[in-house]
Amino acid sequence: MKRAFGMTSALFVFLISAAGAASAQDVAPAARIDTGDTAWILVSAALVMLMTPGLALFYGGMVRRKNVLGTIMHSFIAIALVSVQWILIGYSLAFGPDIKGIIGSLDWAGLSGVALTPNADYAPTVPHLAFMIYQAMFAVITPALISGAFAERMKFSAYLLFTLLWTTIVYDPVAHWVWGNGGWLKQLGVLDFAGGIVVHATSGFSALAAALFIGKRKGFLHEPMPPHDLPMTVLGAGLLWFGWFGFNAGSALSSGQLATMAFVTTHTAAVSATLTWIFVEWLHRGKPTMFGAATGSIAGLATITPAAGFVGPLPALVIGIAAGLLCYTALNAKTRFGYDDSLDAFGVHGVGGTLGTVMAGVFASIAINSSGANGLVFGNPKQLAIQAGSVLLAASYSFVASLVLFKIIDSIVGLRIDGEQETEGLDISQHGESGYTI
Amino acid sequence: MKRAFGMTSALFVFLISAAGAASAQDVAPAARIDTGDTAWILVSAALVMLMTPGLALFYGGMVRRKNVLGTIMHSFIAIALVSVQWILIGYSLAFGPDIKGIIGSLDWAGLSGVALTPNADYAPTVPHLAFMIYQAMFAVITPALISGAFAERMKFSAYLLFTLLWTTIVYDPVAHWVWGNGGWLKQLGVLDFAGGIVVHATSGFSALAAALFIGKRKGFLHEPMPPHDLPMTVLGAGLLWFGWFGFNAGSALSSGQLATMAFVTTHTAAVSATLTWIFVEWLHRGKPTMFGAATGSIAGLATITPAAGFVGPLPALVIGIAAGLLCYTALNAKTRFGYDDSLDAFGVHGVGGTLGTVMAGVFASIAINSSGANGLVFGNPKQLAIQAGSVLLAASYSFVASLVLFKIIDSIVGLRIDGEQETEGLDISQHGESGYTI
Amino acid sequence: MKRAFGMTSALFVFLISAAGAASAQDVAPAARIDTGDTAWILVSAALVMLMTPGLALFYGGMVRRKNVLGTIMHSFIAIALVSVQWILIGYSLAFGPDIKGIIGSLDWAGLSGVALTPNADYAPTVPHLAFMIYQAMFAVITPALISGAFAERMKFSAYLLFTLLWTTIVYDPVAHWVWGNGGWLKQLGVLDFAGGIVVHATSGFSALAAALFIGKRKGFLHEPMPPHDLPMTVLGAGLLWFGWFGFNAGSALSSGQLATMAFVTTHTAAVSATLTWIFVEWLHRGKPTMFGAATGSIAGLATITPAAGFVGPLPALVIGIAAGLLCYTALNAKTRFGYDDSLDAFGVHGVGGTLGTVMAGVFASIAINSSGANGLVFGNPKQLAIQAGSVLLAASYSFVASLVLFKIIDSIVGLRIDGEQETEGLDISQHGESGYTI
Amino acid sequence: MKLVKCIVQPYKLDDVKAAVTALNIHGMTVSEVRGFGRQKGHKEVYRGAEYTVDFVPKVEIEIVVADNVVKQVIDAVVKAARSGKVGDGKIFVTDVEDVIRIRTGESGEAAL
Amino acid sequence: MKLVKCIVQPYKLDDVKAAVTALNIHGMTVSEVRGFGRQKGHKEVYRGAEYTVDFVPKVEIEIVVADNVVKQVIDAVVKAARSGKVGDGKIFVTDVEDVIRIRTGESGEAAL
Amino acid sequence: MKLVKCIVQPYKLDDVKAAVTALNIHGMTVSEVRGFGRQKGHKEVYRGAEYTVDFVPKVEIEIVVADNVVKQVIDAVVKAARSGKVGDGKIFVTDVEDVIRIRTGESGEAAL
Ligand SMILES: Nc1ncnc2c1ncn2[C@@H]1O[C@H](COP(=O)(O)OP(=O)(O)O)[C@@H](O)[C@H]1O
Ligand SMILES: Nc1ncnc2c1ncn2[C@@H]1O[C@H](COP(=O)(O)OP(=O)(O)O)[C@@H](O)[C@H]1O
Ligand SMILES: Nc1ncnc2c1ncn2[C@@H]1O[C@H](COP(=O)(O)OP(=O)(O)O)[C@@H](O)[C@H]1O
């Protein structure tokens with residue numbers, strides 16, 4: 001209890017200053033705030049928040065019964081842990097006053113100076129705090145995506161440590177590079193509408209690092225490990241899809257034409273990827289599966305993310321098809337390489353995020369988004385190079401940084417539960433509870 | 001794989017033109033777009049999209065364990081299949097330039113000319129593409145509703161074929177008649193605020209055709225077939241109810257008084273139908289059930305749909321009561337006729353949609369919606385006749401067209417799985433996967 | 001059936017008048033309605049509606065399999081029963097023309113005079129009916145919260161009776177005191193942004209009364225009674241959290257700075273309470289649980305509710321920590337007192353609501369909300385006294401009134417099911433259905 | 001007394017119950033089991049991974065009866081549970097030395 | 001050795017376990033079963049359809065014990081599981097020819 | 001014939017199945033059970049409430065075989081199911097008087 005009380009008192013110092021900042025906020029004119037835009041951003045923030053519980057179910061249904069709570073916990077606790085980090089330092093590191101294009105300063109730590117008046121650099125018609133909380137939801141879900149790679153075998157304490165460090169040294173900087181005012185990749189002109197690089201490539205390649213470092217689950221490829229509750233996974237996919245409209249269309253940071261286009265391309269890519277997936281599966285395996293359809297939809301959504309506000313509906317249809325083909329291939333190739341990316345965090349988000357970022361370089365059109373750029377098919381191959389280079393770089397950084405983090409954490413608290421705990425399951429060994437009673 | 005790649009290349013031809021269209025869009029002034037209205041339509045589109053996963057769970061919980069994935073798949077894949085059809089031709093057939101009041105032309109195929117500027121005929125204050133995607137979600141859920149009638153026994157390939165053909169020759173034309181600019185029923189002055197005819201009557205009567213054509217489930221009325229997971233069904237009902245606010249209030253196509261009235265009447269009818277249902281059940285069967293309450297709420301929501309924006313709260317309360325009484329009676333009478341509308345798609349949507357359309361002719365008031373009409377109780381019996389005639393006609397067309405489709409499909413791929421597959425269940429026989437592990 | 005038909009005809013008398021009222025509405029100018037604000041309130045109303053199915057699952061997962069439907073039914077049927085009461089009399093009692101600060105008159109019964117034009121006293125930029133339906137969702141969830149206290153043992157008929165009477169004699173008056181135009185606590189200057197007193201303290205202390213009056217479950221502390229499906233509970237928590245953004249940020253009754261601040265503080269308190277909970281649990285019990293994290297998040301959300309629009313982000317962080325510490329302690333102390341608040345409705349909502357109301361008196365700042373007040377830390381101890389006094393009074397009233405209601409209902413229909421029914425479970429004994437098949 | 005343990009197809013449970021009660025035997029205990037035998041299982045694919053499931057769902061019906069009716073019971077079950085397809089199941093007969101009815105403490109055939 | 005197979009009311013499981021362990025018998029195997037007997041089932045209605053459910057949930061407790069303690073075990077179980085109401089359940093006693101402890105390979109009573 | 005009833009760790013099921021089929025025995029019936037024995041359970045905490053769960057998940061494998069192969073089957077199962085840790089499980093051998101194959105009506109060893 002001491003610790004908690006400590007935190008409490010520690011925080012009291014902030015309070016007065018915080019309120020001070022707040023009052024400063026109030027004086028400033030709110031004239032420029034648009035109620036429609038603000039309503040849309042707040043709704044989008046709520047939608048993106050819902051994605052993480054959605055992910056919890058999406059992943060939770062895929063594991064064995066004995067690991068359902070531990071798997072759900074990975075996502076659920078990320079909401080809490082990362083949000084607190086975001087408020088205290090994360091937002092400032094990612095979006096605060098730029099330092100050499102690499103990172104934001106800590107001037108906005110504890111949200112000091114993050115006002116209710118708009119920040120013209122990020123979203124000129126909504127309160128700055130609305131932009132902050134909307135972005136918080138992105139920071140939350142990203143490390144949760146990684147958890148699919150080391151499902152059913154990671155120590156909970158190690159998971160907390162990893163998530164806290166990863167969001168601080170991987171997510172926050174990369175978010176700054178790509179979206180932060182003054183970020184160097186942003187300066188370079190990279191296009192990442194809603195996080196193909198920042199969210200999916202970073203988490204996907206960190207997931208690959210995780211799968212390689214932590215090793216296979218006990219009995220992998222020897223015992224059968226079918227999903228214990230696929231309807232739960234489908235429910236998760238449905239909530240993710242629903243929330244993704246806030247994720248992509250919300251990234252227009254206003255309500256109107258751009259949000260509409262991002263909404264349409266998001267849905268379009270999701271549906272074409274889903275159809276592609278089941279037809280390919282049908283040809284390849286003889287039967288189209290519900291699990292495949294759900295996986296395909298998420299692959300399509302992840303892939304369109306960086307391109308959503310830069311391309312038109314038909315390019316989005318094509319991007320969805322490409323997502324279905326490539327991610328399906330990745331998932332089926334996996335077993336050949338024999339690493340255990342248990343819930344395919346790399347195969348879906350790493351591959352999809354990278355593909356989508358490149359695709360944005362192919363199909364982007366200033367006719368769709370004047371603040372964007374033209375891609376390859378509109379005569380600008382340079383953009384494709386920028387896209388490919390940027391994602392490659394962010395992916396490599398994420399991969400290496402994650403490996404380092406795992407090494408460190410493993411030596412401190414140990415990354416993996418022991419064999420008996422793995423047999424017993426995460427729920428009992430890590431949390432002392434069971435998901436279900438008979 | 002070939003096929004998929006074929007599609008890809010085939011689509012490339014569209015791309016440039018598509019982008020062209022888009023650029024055309026951008027030049028046009030966006031002045032008339034309202035951020036609040038657009039936010040509301042985008043949110044509503046997301047809400048209606050969520051209804052289909054909600055329906056998947058609503059139906060999924062009602063079937064036997066061995067069919068849970070196959071049943072969920074019916075809804076889930078409809079999102080993908082119908083959305084693609086909608087983008088390529090469906091939207092154009094339903095809302096495109098009118099041909100003799102019967103059907104839309106293909107001028108808008110592939111969304112060409114469907115711009116980010118508003119279309120004054122449909123929604124003057126939101127981007128045309130927002131209206132398009134909002135309507136897409138209606139097209140998606142309608143065939144999924146039918147799947148309740150032939151649950152647990154239809155071949156997946158036949159389902160895909162049926163859904164694709166049905167949405168094209170039943171949904172798109174009827175949508176054009178009632179909502180399309182120049183549609184003949186619209187000219188006639190029929191009132192269908194959010195789809196009592198277009199969604200519920202068409203799907204409900206097609207469901208009746210399905211139940212009659214495909215025949216009973218093996219062991220029907222002999223073996224017990226209780227729902228395998230009613231909490232799943234209740235969750236589905238909750239998501240449907242939530243989404244229905246977007247379905248009905250969103251149909252105001254703007255944010256304000258009309259949306260508010262539709263929101264209020266929708267909730268009012270849902271609650272009065274729910275209460276009515278459990279009290280009638282209590283009197284009739286001795287016990288009020290959770291399954292009954294959930295069913296009643298959906299019956300109320302389906303029934304108010306056509307009237308939502310034309311009547312006041314108290315008439316909505318009465319419509320809800322009528323929905324509870326009539327749908328309850330329909331479900332309980334069913335067994336006497338002995339056809340197997342397994343999940344009561346007809347009993348709820350066919351009966352409810354028809355009742356609601358007629359009720360709109362009774363309680364509609366131009367005092368509520370000046371662009372509507374007065375109904376019987378406000379001295380205009382003619383409206384009642386128009387409503388009854390229109391729904392009768394649309395229902396008959398749907399019934400007959402569906403029978404024809406089933407006949408054709410049955411002769412091509414076969415409609416029904418064989419006895420052993422039925423014993424084994426859809427999940428294993430059609431999809432090669434199981435919903436749960438022990 | 002007779003009864004139902006009786007209701008129908010009975011309602012017909014209203015109809016014409018209702019339509020009359022409606023027409024009256026239409027004449028009035030709608031000029032002052034803001035589309036962004038209205039979109040936000042309608043979305044918020046939908047979000048709050050979803051909280052009750054969310055609560056159904058949150059509670060449903062905690063009980064034993066044999067009681068899952070009966071438990072879910074408590075929440076589900078409250079939507080129907082309370083909404084109807086709200087439309088007929090509840091809204092008028094709570095928000096109608098004031099009578100001596102104690103209660104609203106029945107002038108607005110049946111929503112007569114509740115127009116589509118804004119009511120300047122409550123929400124000047126949205127239709128009055130939008131405010132009405134938004135508030136309806138609050139009335140709905142409040143009695144449902146209580147049901148956690150008498151889970152697994154209350155007679156369904158008694159539950160219906162209790163809910164109807166409780167919402168009428170406890171919720172409606174207290175809502176009037178605190179929020180109603182002219183309500184005496186409002187006059188006194190109490191701060192309750194979204195229902196710390198009106199929703200959580202009233203339901204929480206009524207829950208305590210319930211637990212004490214109805215007695216322990218058969219086998220309590222003797223047989224193990226673990227939750228039968230914790231993933232269901234987590235899903236419920238996720239939906240509650242999602243909906244809570246509408247609950248708290250929607251209470252700004254407009255879209256903009258105040259809604260944004262309430263949104264941010266809500267999320268902040270939720271996450272800090274969640275973290276606090278698992279760390280305390282870890283120290284105290286040796287393992288952090290998923291169930292604990294979910295419980296902590298709800299405790300944080302309930303606690304911030306009264307303060308959401310009056311405090312800044314960092315105070316919210318502190319309030320969340322306090323919520324985690326205090327509610328955790330309350331839940332763990334419970335067993336010592338040995339009453340059976342089965343799902344901790346008092347421990348979470350009673351304790352949290354009271355704590356939050358007091359905290360608002362500590363951290364409130366007119367710098368955050370000019371229409372609010374300053375709290376203790378901003379030099380106004382008086383506000384703290386007002387807060388403490390008001391919540392104490394409302395809590396006591398709720399506790400006593402509930403005891404009286406239970407006594408009366410017990411003597412009329414009997415409050416509790418008999419031992420055999422309890423062994424059999426609510427689902428079979430009260431509803432004649434089972435949640436799952438094997 | 002004998003324990004007649006019948007492993008049958010799940011959808012045959014009601015028929016077997018009817019057949020047995022027709023012999024005026026009003027007691028049995030049923031459990032869900034998974035069987036492995038001549039009846040072939042099926043293949044399941046989850047994302048990349050393929051599993052062959054050899055265990056098929058069956059129900060096990062345990063009926064304890066007096067020695068003199070064992071034959072009839074077996075015949076009744078066989079008749080009711082037979083579909084003629086591989087996987088119809090088996091009946092195992094074992095000896096039961098004593099039976100006690102918990103409610104009354106009665107033992108032997110009286111307890112049935 | 002004997003196999004004492006007890007079919008009891010689910011909520012009696014803990015009491016039976018306590019009673020048996022009190023005899024210093026530290027092993028049993030439990031499974032969820034559904035019973036059909038004198039105890040009447042109940043009616044369930046789903047939308048239009050009515051079902052009578054004759055099977056009631058029970059637990060089956062299998063305890064293998066040395067011959068000399070069979071009697072005590074039976075008495076202990078009967079005492080613990082009895083509520084006096086129809087449906088309390090049955091105990092079936094059958095002979096066990098051998099027992100092997102997998103961990104050690106021990107057999108006979110030593111393996112218990 | 002004998003009924004070889006094996007209670008083993010759930011994750012050993014596949015190994016046991018393989019070992020038994022290796023003896024050309026192509027039939028068994030499996031059910032999920034909960035075991036109580038020397039192997040210790042664990043503690044679970046739900047909000048305030050603490051429970052000790054003594055029952056651990058096991059699978060019960062019933063194999064009916066001809067007398068002459070009982071020994072081999074037991075050895076195969078022991079070998080496959082052994083991990084050396086407490087909780088590996090037990091094998092109970094009981095006599096089976098008759099076996100009937102429902103599909104064909106065959107009885108005795110021919111029915112296996
Ligand atoms: N030797 C055995 N021991 C125990 N159970 C068996 C044995 N052989 C078969 N069974 C059970 O009987 C079921 C049916 O047997 P199977 O060989 O598939 O069909 P059939 O009995 O028609 O030849 C199996 O699924 C299994 O549950
Ligand atoms: N002949 C039987 N064979 C197998 N199990 C039986 C038999 N008779 C009863 N049982 C089991 O015992 C349980 C209790 O029996 P029942 O007749 O309902 O009550 P009681 O034992 O008190 O007379 C039944 O539910 C069933 O599981
Ligand atoms: N006397 C018994 N009767 C029935 N089942 C038993 C008995 N003793 C043990 N078992 C079963 O065997 C399992 C393993 O026994 P246990 O004592 O835990 O380990 P080990 O067999 O290695 O000594 C138990 O979980 C239980 O299912």
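The chains referred to below are lettered A, B, ... by the order of the sequence lines, with proteins before strands, and numbering in each begins at 1. Everything numeric in this text was worked out from a predicted model, so none of it was measured. These numbers come from the heavy atoms of this one structure, side chains and all, not from hydrogens, waters or symmetry mates.
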Exercise. Within a strict 4.5 Å, meaning less than it, do heavy atoms of the A/M290 and B/E433 side chains meet?
Worked result: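 Sidechains of B/E433 and A/M290: in contact.
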
Exercise. Less than 4.5 Å apart, any side-chain heavy atom of A/L230 and any of A/P227?
Worked result: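 Of all side-chain heavy-atom pairs linking A/P227 with A/L230, at least one is under 4.5 Å.
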
Answer yes if the ring centres of [X] and [Y] are under 6.0 angstrom apart, and no otherwise.
X: A/W277; Y: A/H284; value: no
X: B/H431; Y: A/F291; value: no
X: B/H128; Y: B/Y91; value: yes
X: B/F138; Y: B/F247; value: yes

Taking side chain as everything from C-beta outward and backbone as N, CA, C, O, which of these in [X] sits under 4.5 Å from a heavy atom of chain A? Side chain, backbone, both or neither.
X: B/M137; value: side chain
X: B/F76; value: side chain
X: B/I87; value: side chain
X: B/S434; value: backbone

Exercise. Can you check whether B/M132's main-chain N or O pairs, donor with acceptor, with B/W86's side chain at less than 3.5 Å?
Worked result: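 At least one qualifying donor-acceptor pair exists.
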
Between side-chain atoms of residues 66-74 of chain B and protein atoms elsewhere (two or more places apart, or another chain), which donor-acceptor pairs fall under 3.5 Å?
from	atom 1	to	atom 2	distance (Å)
B/K66	NZ	B/E422	O	3.3
B/K66	NZ	B/T423	O	2.9
B/N67	OD1	B/L426	N	2.7
B/N67	ND2	B/E152	OE2	2.9
B/T71	OG1	B/N67	O	2.7

Measure [X] against the heavy atoms of chain B and call it side chain, backbone, both or neither at under 4.5 Å.
X: A/F245; answer: side chain
X: A/S297; answer: side chain
X: A/W244; answer: neither
X: A/H267; answer: side chain
X: A/A293; answer: both
X: A/P288; answer: both

Problem set entry | Top of B/S83, B/P53, B/G36 for chain A proximity - count of heavy-atom pairs under 4.5 angstrom |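 Counting heavy-atom pairs under 4.5 Å, the top option is B/S83.
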
Problem set entry | Winner by heavy-atom pair count (cut-off under 4.5 Å) against chain A, out of B/L57, B/L81, B/T52 |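 Greatest number of close heavy-atom pairs with chain A: B/L81.
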
Exercise. Where is the tightest heavy-atom contact between A/L325 and A/V280, given as atom of each residue plus distance?
Worked result: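 Of all heavy-atom pairs spanning A/L325 and A/V280, the closest is CD2-CG2, 3.6 Å.
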
Problem set entry | Minimum heavy-atom distance A/M62-A/T233, with the two atoms named |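 Closest approach of A/M62 to A/T233: N-OG1, 3.4 Å.
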
Exercise. Are there residues of residues 41-49 of chain A that reach to under 4.5 Å of chain B by heavy atoms, and which ones?
Worked result: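 Hits under 4.5 Å: A/V43.
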
Exercise. Does the side chain of B/T125 come under 3.5 Å of the side chain of B/D37 through a donor N or O and an acceptor N or O?
Worked result: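 Checked: B/T125/B/D37 side chains pair up, N/O donor to acceptor below 3.5 Å.
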
Exercise. Do the ring planes of B/Y122 and B/F131 sit parallel (below 30°), tilted (30 to 60°) or perpendicular (above 60°)?
Worked result: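 Because their plane-to-plane angle is under 30°, the rings of B/Y122 and B/F131 count as parallel.
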
